[in-house]
Structure formats: structure tokens, C-alpha cells
Amino acid sequence: MLNLSRSIENKLRAALEKLYPELAESSENGEISLDPQVVQASKPEFGDFQVNVAMALAKPLKKSPREIAMEIVKELEKDKSFFSFCKTPVIAGPGFINLTIREDCLATEIRNRIGDSRLGIPLVEGKESKDQSTSVVLDFSSPNIAKEMHVGHLRSTIIGDSLARTLEFRGYRVLRLNHVGDWGTQFGMLITYLKKVAPDSLHMAKAFDLGDLVKFYREAKQCFDSDDEFQTASREEVVKLQSGEQSSIKAWKLLCEQSRIEFQNIYDRLDIRIQERGESFYNPYLQEVVDDLDSLGLLVSDEGAKCVFLDGVIGKNGKALPLIVQKSDGGFNYATTDLAAIRYRFTCASKGDCASRVIYVTDAGQANHFAGVFQVAQRAGWVPLGGRLEHVPFGLVQGEDGKKLKTRSGETVRLRDLLDEAVARAEMDLRKRLKEEGRQEDESFIKKVTTTIGLAAVKYADLSQNRITNYQFSFDKMLSLQGNTAPYLLYALVRIAGIARKGGDLDTRMDQLRFTEPQEWNLVRGLLKLDSVIVDVEEELLPNRLCAYLFELSQLFNRFYDQVPILKAEAPDRSSRLALCRLTADTLRLGLGLLGIPTLERM
RNA sequence: GGGGCUGUAGCUCAGCUGGAUAGAGCGACGGUUUCCUAAACCGUAGGUCGUGGGUUCGAGUCCCGCCAGCCCCGCCA
């Protein structure tokens, strides 16, 4: 109902300007806001929208809020077109103006959405031109080469993918970038170690798989931490790598290739599309970044390291905190890479991505780091006017004990194991159910359903929580058949598919819609809220808002399904109700699609 | 010591630019199947929104102090 809320807002604005021209004037210099404060009604009994402006104007106008509300309503009513979509406004409480949309208007809105592939959600303006104003860089997932993807990558991967899908649906050109850790000290370490224990592996393709690599990594790390000589050799190896020494580069490429295969396996399972562009991509730009910072006068040498001192961030010793961009040994670090990436991503023409919005989906622990990097990028002038640079932080994945999620033996949980277990548990649930209900299903059905449910459960559980807080991971809860879970939403769709199988034609074009029952109207109103939810997610980058909406919609549908006969109803109720079923199914499918979750006909 | 995030029902969490009597789900208790998948629906109980101030017509929401938990704080990412 975005279009309606906008119309209402415009009409109110006009009314306010006419009624209180003196306030309109002072609103221009920001003293008083003439924002009509139109919001969705906080409760169904208050109608569809409520206007909260009367209370705010009471003081400047020196009148009672109810009196002001009355004046506003009177002015609104002069405009006959207002009544084409709105019922008579009601003043309530201290001075709220409650607005209810006319039922014929709601029915028209529903009719317009049926059969519309976008379900009434507008494309972002200017999407036809692939210019800067519509291009978004989304940096997510970003595992480290030579390590396996583990539970720590879960949230970034799932949240990032969902945000990408939402922005793409709105019409943005989205660059999904996997900023993999494919550079830096860890490789020096690993290559040094491999040279020592398995020199052949460094020039042979597929000499080992990722499992070995992980083991080697662990051992290399141990040497690095305990052996000074090894540490020095590793650092030298990094320098060789950075200077492009042939044998080092070759070894590095082999390592990357091996990891890539394993990552892709996970992405395929989760149906996630992402383009790899690791840290190493920015190597050619690192020196430029430092030089530019220098010529801008931002660079300071301190204890041999080149840094930029941050404004407003005080360190331990009372001095400003530095952001180190070049280490005393001449090497660059992640801050340098991140700065180079920001510069590249905002740059237009052939030397960059020409983005207008750059989004990082990483854990909240990196908030300080990004705040520092963003500040330096701003001060260096690398963020264009109107360009948005955003860190989308999320909390830790915890076990049910409230501590960091670990396996029983205390190790980090591998992502593939976690997904396997979700699917295995979904399979146990389904087989139990089939047995209880005496149903017969073939193995391919069971496999498809349990894979879908298991992966959906993992994704949905993560997305449905406000990402900023830590998240308590529980297979039992996410796979539960009740509550705000993926199975609950999928079940609503299965019910609709059941109606279609039993002879309900969902595809007819409905010209006449007639709704009589309160459950129908509740569902209608729910369906029409989709657009504002999507736009909200686009702006706030909070997928849990979409989840909450889909859950509420499923509840509305289940009540409707439970209390209102559909197939047994007579015309025109029958076709009207089938139309609601169809639009509900399309809405749930679209919404779940934006979460990266496929749907089922039967389960 | 400095900074960030969090603190809402027994548990897990929502709460959108400040707005009407703070909402879900789970768990507990009690109902509903001649009907489209009961993996559902309906009802009951349960809260001094960590705490103390302040701003405001109005504060879970904004500001300040304090308490608790987690995370970060110069050459790892």
C-alpha cells in the first residue's frame, strides 16, 4: 500500500500547508516539522493508517491536539478525491486521526496484484540506465583460502545473499563479491611449511585436498607461533609472494584452486551465486593508496609504520588511534586492502565498479575496524557525494548453552557438517511422520523435501533474527513444526497447493472480487503490506523484517484457511477466495525467494 | 583505561522516523477434526522493558550516569 500511503501523505501535507501557512514557513528553516507523520495503524481497530501530527502541532499552534485534528479532518474532507480511497477519518485518543481504506479500493489493489510478476513492488527509479545511481557492491561470505568454511561464515553468507536478492529484485545492479582471504601472512606460513614437509605438493595439481590443507594450516600456525626462525622465513615468503616471485605464485595459485572447489560446493548447495574477487585483486593498488594518503597529507610515520591517525578515536596512551596502512617491514595489511577496495569500488570508468552503495556483511567484531577504514576513505575523498558506505554487522552464532558454537570435541563446526545435520534431522522428522500417518512416498520425494526443509530451516532461523544480536543456534527450534520457522511457512504453501490439486483453479483471471468475512479482509490487508516491507529491507538491510512479515502472513492465511470454506463456497465467494489463495502463494514464494529459500508443493 | 554492541514474559526473540492498553513463538494449562495436509486453529496464565536521572504533550525507543554480559583496541584478518 505504498502508493496509498503516499497519496495520503500528500493530501495531508497540502492540508497542513493550507491550514497553517505560518508553520510551513518556519518548517523551511527546520524549526518545526510539517511532516504529517502518517504511519501504519498500530492496531487493526484503528484502521489502516494513523496520523500523529496533531499532537506535535499543539504547542506551536497553542491549541488542543483534538482541535487541530478536527481542523485537519475538515480540510481533508473538502477534497472529494480523498474519499475515492479513504473512509471518513476518525479522531481518537489525544488527537490521533485514524484512516481506513475503502474496501472497494482494497479489492482493486488486490486485483491489480494478481498475475503481476512483481506483485506491485516498484522497480527503483532509473533502473533502465546502468549508471552509478543503481549499482551496489555487496561484500559477503568471504572465507579464507586454505581453511574450510565453518559456522562463522554462515551468517555473512546467508544474510548477504538475501540482501543481494532483495536489492536485485528492486532493480539494482548488484555486484556480489567474495572478498576471500587469499593473501597475507597466512600464505607465507603455509607455503613455508609445505616447502619443508611436502615440497612436491607445491607444483603438482591436486596433490592434496582441503582436509589436508586445513591440517597443514594448523601445523604451520603452530610452527609460526613457536619457532622464530620459521616466523622469519614466513615473512620473507610473503615478501616474495608480494613481489611476484614465480615459484611462490605458483604454489599460492594451487592452494587457492583447491579451496575454491570446496567453497563452490557449499555455495551450490545453498544456491548462492557469488563472484570471487579476493584480497589479492587489490595488490596493484596498494602502493597507490599509500601514496595518495601521503600526498593528501594524511599519512604519518610512527615507529616505522605508516599510518593515518583517526579523528575522535583515542587509544590507550591518550593519543589518537592509528590506522596502519604500511607496516614497518614495508608490507601492507588488511586496512590497506580495504581502503584500496573502497576506492576501486566507488571509482567509475574502466578502473572500478562505479558503485553508489558499498555494503559489507561481516561480524560485529569488525565494527571498529570498518569505522576506522570508512573514516579514512571519507577523509581521502574516495566516497563520492551521495555514495553510501555501510557496514552490516551481525552477532555471533552461539550454541544452546549461550557460548560460541563448538562440536562436542570442542572444535569449530564445519559448515558442510552443519548443513548435513540439518538435512539428516529433517529426514528423521519426515520418516517418522510418514510412518505415523501411514503415508507412502518414494525416496526421491523424501530426499527433495528433506533437503529443502533442512537448508530452509538453517537459512530462515538465521534470517528471522535481528542480525545485530548474537544468535542461539538450535536444530530443534529451527526444524520445529510450530512457530516462526521455515517449516511453518512452507506448510502454508503446501496447503494452498493442496487446494489447487483438489480442483481449485488458481489461475483464472478474477474480475469480480467479493470479500465478506473478517478473515478475508485481514488477509487482504496483510497481502497489501508486502511492498512497504521490501522497501524497508532495502533501506535498513534487515531481512528479519521480511521474515516477520511472511510469518504473520502465514498466520493470517492459516486462520482464513481454518475458518473460511474455500472449495465448498459458492460463486463469487469461491473464486474470490481462490484469488486470495493464489496471491498468498505468490507472495510467500516471492518473499521466501528473496530469503534464498525454495518452496514445495507437498511435504 | 578507551570504544562498540547487548540487557524486554520461565526460555528464544519482535518492537520500523518517539505515539493510544508493550507483542510473537516455544514451554505450561484448557478446548477444536462429518470439511481443502491438525506440520493447523481458538482460548487462559505470564512483564516495575537492567537501574537511576533528564528531555517531551507523550519514552522500550532520544540524552547523561551507573550495573551486568559479549566483542574490539599499532604493525593478524
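Every value quoted in this text rests on a predicted model; they were computed, and no experiment measured them. A note on names: the letters A, B, ... follow the listed sequences, proteins ahead of strands, and every chain is numbered from 1.
- Distance check on atom P: B:rU44 versus B:rU6 gives 34 Å, rounded to whole Å.
- Between B:rU8 and B:rG3, the distance separating the two P atoms is 24 Å to the nearest Å.
- Using a 4.0 Å heavy-atom cutoff across all strands shown, A:A364 reaches no nucleic acid atom at all.
- Residue contacts for A:R235: at a heavy-atom cut-off of 4.0 Å it reaches the sugar-phosphate backbone alone, with no base atom in range.
- Between A:S480 and A:P94, the residue whose closest nucleotide on RNA chain B is further toward the 5' end is A:P94.
- Between the side chain of A:Y491 and the base of B:rA39, no donor-acceptor pair under 3.5 Å is found.
- Salt-bridge formation is detected for the pair A:E441/A:R602: a Lys NZ or Arg NE/NH1/NH2 atom is positioned less than 4.0 Å from an Asp or Glu carboxylate oxygen.
- Put simply, A:Y471 has no side-chain N or O that comes within less than 4.0 Å of OP1 or OP2 on B:rC5.
- In this structure B:rA28 sits in a base pair with B:rU44, meeting the Watson-Crick or G-U test at under 3.5 Å.
- Considering only side-chain N and O atoms, A:R559 lies nowhere under 4.0 angstrom from the phosphate OP1 or OP2 of B:rC41.
- Between A:R433 and the phosphate of B:rU37, there is no side-chain N or O to OP1/OP2 separation shorter than 4.0 Å.
- Residue A:E552 is classed as having no contact, given no heavy-atom separation below 4.0 Å to the nucleic acid.
- Both distances falling under 3.5 Å, in either a Watson-Crick or a G-U wobble arrangement, place B:rC70 opposite B:rG4.
- Of the candidate nucleotides B:rA20, B:rG4, B:rU37, B:rG4 has the atom nearest to the side chain of A:A367.
- Using a 4.0 Å heavy-atom distance criterion, A:S328 is classed as a base contact.
- Residue-to-nucleotide proximity on RNA chain B shows that, of A:V38 and A:Y561, the 5′-proximal contact is made by A:V38.
- Checking the phosphate oxygens (OP1, OP2) of B:rA39, no side-chain nitrogen or oxygen of A:T485 falls inside 4.0 Å.
- Close to B:rC76, at under 4.0 Å from its OP1 or OP2, lies a side-chain N or O of A:K327.
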Q: Start with the C-alpha distance between A:E540 and A:R545, add both sets of side-chain angles, then the distance that settles salt bridge (Lys or Arg N to Asp or Glu O under 4.0 Å), and finish with yes or no.
A: CA-CA 9 Å; A:E540 306 292 330; A:R545 298 257 169 90; 5.1 Å; no
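- Donor-acceptor pairing under 3.5 Å, judged by distance alone, is absent between the side chain of A:D182 and the base of B:rA77.
- Checking B:rG52 for Watson-Crick or G-U wobble geometry (two distances, each under 3.5 Å) identifies B:rC64 as its partner.
- With C1' as the reference atom, B:rG53 and B:rC67 are 15 Å apart, rounded to whole Å.
- The pair A:D329-A:R235 does not count as a salt bridge, with every side-chain nitrogen at least 4.0 angstrom from each carboxylate oxygen.
- To the nearest whole angstrom, the two C1' atoms, one in B:rG69 and one in B:rG31, are 42 Å apart.
- Stacking here means ring centres nearer than 5.5 Å and ring planes tilted less than 30 degrees, and by that measure A:F96 does not stack onto B:rG19.
- Distances shorter than 4.0 Å separate none of the side-chain N or O atoms of A:N368 from OP1 or OP2 on B:rC71.
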Q: Output, in order, the C-alpha distance, side-chain angles, deciding distance and verdict of ring-ring contact (aromatic ring centres under 6.0 Å, His included) for A:F96 and A:F46.
A: CA-CA 9 Å; A:F96 297 100; A:F46 300 149; 7.4 Å; no
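- Using a 4.0 Å heavy-atom criterion, one finds that A:K319 contacts the bases of the nucleic acid, with or without backbone contacts as well.
- Within the 4.0 angstrom heavy-atom criterion, no nucleotide atom of any strand lies near A:Q40.
- Atom CZ of A:F309 and atom C1' of B:rC75 are 12 Å apart (whole Å).
- At the phosphate of B:rG74, neither OP1 nor OP2 sits under 4.0 Å from any side-chain N or O atom of A:K306.
- Here A:R439 does not reach the OP1 or OP2 of B:rU37: none of its side-chain N or O atoms lies under 4.0 Å away.
- For A:H369 and B:rG74, the NE2 to C1' distance is 14 Å, given to the nearest whole Å.
- Comparing the same atom, P, in B:rA24 and in B:rC62 gives a spacing of 23 Å after rounding to whole Å.
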Q.
Could you go through A:Y491 and A:N558, starting from their C-alpha distance and side-chain angles, then the distance that decides it, and tell me whether this counts as side chain to side chain donor-acceptor pair (under 3.5 Å)?
A. CA-CA 10 Å; A:Y491 178 61; A:N558 277 328; over 6 Å; no
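- An OP1 or OP2 oxygen of B:rA24 is reached within less than 4.0 angstrom by no side-chain nitrogen or oxygen of A:Q555.
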Q: Step by step, work out the side chain to side chain donor-acceptor pair (under 3.5 Å) result for A:N52 and A:Q50.
A: CA-CA 6 Å; A:N52 298 335; A:Q50 63 184 59; 3.2 Å; yes
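- Note: CD (A:E400) to P (B:rC13) measures 11 Å, nearest angstrom.
- Closest contact between the side chain of A:K477 and the listed nucleotides B:rA20, B:rC11, B:rU6 involves B:rC11.
- Nucleic acid contact for A:L321: sugar-phosphate only, since backbone atoms but no base atoms lie under 4.0 Å from a heavy atom of the residue.
- If you check B:rA38 for Watson-Crick or wobble pairing at under 3.5 angstrom, you find it has no partner at all.
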(Q) Does A:F394 form a side-chain contact (heavy atoms from CB on, under 4.5 Å) with A:Y471? I'd like the steps, not just the answer. (A) CA-CA 9 Å; A:F394 54 83; A:Y471 150 53; over 6 Å; no
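- A:V300 comes within 4.0 angstrom of no nucleic acid atom, judged by non-hydrogen atoms across all strands.
- B:rG27 and B:rC64: their C1' atoms are spaced 39 Å apart (whole Å).
- As judged by a 4.0 angstrom heavy-atom cut-off over every strand, A:D363 is placed among residues making no nucleic acid contact.
- For the C1' atom pair drawn from B:rG46 and B:rU37, the interatomic distance equals 33 Å after rounding to whole Å.
- In this structure, B:rU32 is classed as anti because its glycosidic torsion departs from zero by more than 90°.
- Annotation: the span from A:T584 atom OG1 to A:Y561 atom OH amounts to 13.0 Å, rounded to 0.5 Å.
- Residue contacts for A:Q482: at a heavy-atom cut-off of 4.0 Å it reaches the sugar-phosphate backbone alone, with no base atom in range.
- A straight line from CG of A:D476 to P of B:rG27 spans 11 Å, rounded to a whole angstrom.
- Contacts of A:K59 with the nucleic acid, taken as non-hydrogen atoms under 4.0 Å apart, involve only primed sugar atoms and P, OP1 or OP2.
- The residue A:A371 sits apart from the nucleic acid: no heavy atom pair falls under 4.0 Å.
- Heavy atoms of A:V313 sit nowhere under 4.0 angstrom from any nucleic acid atom.
- For A:N544 and B:rG15, the shortest distance from a side-chain N or O to OP1 or OP2 is below 4.0 Å.
- Residue A:Q563 has no polar side-chain atom (N or O) positioned under 4.0 Å from OP1 or OP2 of B:rC41.
- Counting only heavy atoms from C-beta on, A:N470 has its side chain closest to B:rC70 among B:rC70, B:rA20, B:rC16.
- Rounded to the nearest Å, the gap between the P atom of B:rC49 and that of B:rU21 is 15 Å.
- For A:H179 and A:Y282, the distance between ring centers is under 6.0 angstrom.
- The pair A:K477-A:E400 does not count as a salt bridge, with every side-chain nitrogen at least 4.0 angstrom from each carboxylate oxygen.
- If you check every strand for non-hydrogen atoms under 4.0 Å, A:N52 touches a base.
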